[in-house]
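Working notes, structure below.
Read the numbers this way: they start at 1 and go in the same order the structure lists the ligands and their atoms. Not measured: the values here are computed from a predicted model.
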Amino acid sequence: MITFFTPGSRSNISRIGFLLLFLSFIFTQCKEGKIKDNPSQSSGLISDSAMVVCARPEASAIGIQIMKKGGNAFDAMIATDLALTVSYPFAGNIGGGGFMVYRTHDGKVGALDYREKAPMAASRNMYLDASGNIIPGKSTLGAMAVGVPGTVAGLFKVYKKFGSLPFKELIQPAIDLAKRGVVLTKKQARRFNYYRKYFDQVNDHKIIFDKEWHAGDTIKFPALAKTFERIRDNGRDEFYRGKTADMIAAFVQKHHGIITREDLARYEAKWRKPIVFNYKNAKIISMSPPSSGGICVAEILNAIEPFPVASYGHNSTKYIQLLTEAERRAFADRSFFLGDPDFEKIPIDTLISPAYANRRMADFSWKKATPSSTVKHGNIIGYESMETTHYSIVDKQGNAIAVTTTLNGAYGCKLYVGKGGFFLNNEMDDFSSKPGVPNQFGLVGAEANSIKPEKRMLSSMTPTIVEKNGQLYMVVGSPGGSTIITSVVQAFLNVYEFGMSMQQAVDMPRFHSQWLPDDIKMEPGGFSLAVQDSLKQLGYAIDTTNAPVIGKVDAILRLPDGKLEGGADHRGDDKAVGY
Ligand code: GLY
């Protein structure tokens, strides 16, 4: 997670955790003020036919195994997702939710929303005390933070429409992995050890992670394997109406939460119309509300399209300035207009139109920064974190899917359903608990994202597919809370405007700006002092210390000869596997 925000933000736990975990990693790699030249090889893995790029090598390999057996990208999605639940409990989940964008081999596009929703007993002021102040930690830690999980419903929805192999063949590799166990990397061991105190704090029982871990240790997940076996045998209803539903409702209530069996029984994943727009001769297909991702990416790219972006040079003062001003305006709109489309009227067509972006940029000046205090939402008539995870898949027919899924904070709300073998999300923190008070990503929300029973909380997840000349071009996405949006924009532009390979594009240093707080976060060591100084002279506040990692992009680029190049972000243990 990227939580570089002030003491006013609600979750210090995830902020400090992430900071500690990644600071040492980053600081051993680079020295402040010196440009870290492209740290990657010139290109990523190149494959002829099919590829999976995700946060864990085991999960990428399982997705590929399914496609080698004759499964399609959608089959591989289900197998990869379940394998991430085992191998990457930091964010891979069945206790959370996510979004998927697809483009079939014949050009049909669509989007699936399996975002968590507020329980029926949720209410607008549930995270406020009697004086109307936010109760620290209530929306991030423990049972009150949990939204009704959507992942299992999402996977079955995908299976019903697109699955080709028997479901039991898709879930079996995850069952086998859970029984065999996962060998910990150094990063994983450090994370488990860091978060142990929070696991102890919220769980009324000892959980399997409650010991000192070392790289090379193996963790086995027998309870999760049993849950998967029940889902294999009983289908979707096992999680929402069966023994697992009973387990979740009883567990949450025992920990003083409000999710009931009825909440679970009423959960539905929903097909949505994706956000589709053009940037020059590329067609971008991205996630629609209740994610803000697609709309914000559209607003940012529409705003910069009239400018000769490539001529400014990669990560130059002018490029950073232009993107920051576009981001500032897009995030101001996000804060005001966006929420669950089933509850709020959202002026999507206007927000993603080039004419609107031009109007929003009318007061942009190269001479000085536009202070965020003077930027409000646009006038139209009539606000993760590394804890999220993204994966990209292309199969040999050319079907492409981009999936971003999350527990929100690291290991969600830290509650581990011991009998079921999985963590529960803390997605309720993505609602705007109190207008004007930032959430754990520093995002400030308004009425459109207020809490209502059964409403979905606004997301920044941005699974995205790009077409060029009518053909698949790129599959891209990232974890990173609010930095997801700006990471996806930069990974795309690094290839499209600056001619980088997918791996280079993913590994390049990134910056991030989001209206409030009014500054530009930069990965330490990624930007020259000269560029930083010139931006400061123009009035931009630069922060190179509180954002050690911005996004963790996993992407696939279709090369002119039809081969696939994987971009697996060096910031994690991410891996591209293909054939
Ligand atoms: N929980 C991070 C997001 O949905 O944006």
- Query: Which atoms from ligand 1 have a heavy atom of Asn408 less than 4.0 Å away?
  - Reply: 1 (N), 2 (C)

- Task: Using a 4.0 Å heavy-atom cut-off, say whether Met457 meets ligand 1 through its side chain, its backbone, both or neither.
- Result: neither

- Task: Return yes if some donor-acceptor pair links the side-chain N/O of Lys157 with the main-chain N/O of Ala269 below 3.5 Å, else return no.
- Result: yes

- Message: Residue-level breakdown please: for Arg115 versus ligand 1, do any non-hydrogen atoms fall below 4.0 Å on the side chain, on the backbone, on both, or on neither?
- Response: side chain

- Message: If the condition is side-chain hydrogen bond (donor to acceptor under 3.5 Å, both in side chains), which residues does Arg272 pass it with, not counting sequence neighbours?
- Response: Asp113, Asp342

- Message: Considering both backbone and side-chain atoms of Asp430, is one of its nitrogen or oxygen atoms within less than 3.5 Å of a nitrogen or oxygen in ligand 1?
- Response: yes

- Query: Quick one: salt bridge (Lys or Arg N to Asp or Glu O under 4.0 Å) partners of Lys138, sequence neighbours excluded?
  - Reply: none

- Below 6.0 angstrom between ring centroids: does that apply to Tyr240 and Phe156? no

- Query: Hey, do the aromatic rings of Tyr279 and Tyr496 have their centres closer than 6.0 Å?
  - Reply: yes

- Message: I'd like the name of whichever of Pro479, Gly293, Ser460 reaches closest to atom 5 (O) of ligand 1 through any heavy atom.
- Response: Ser460

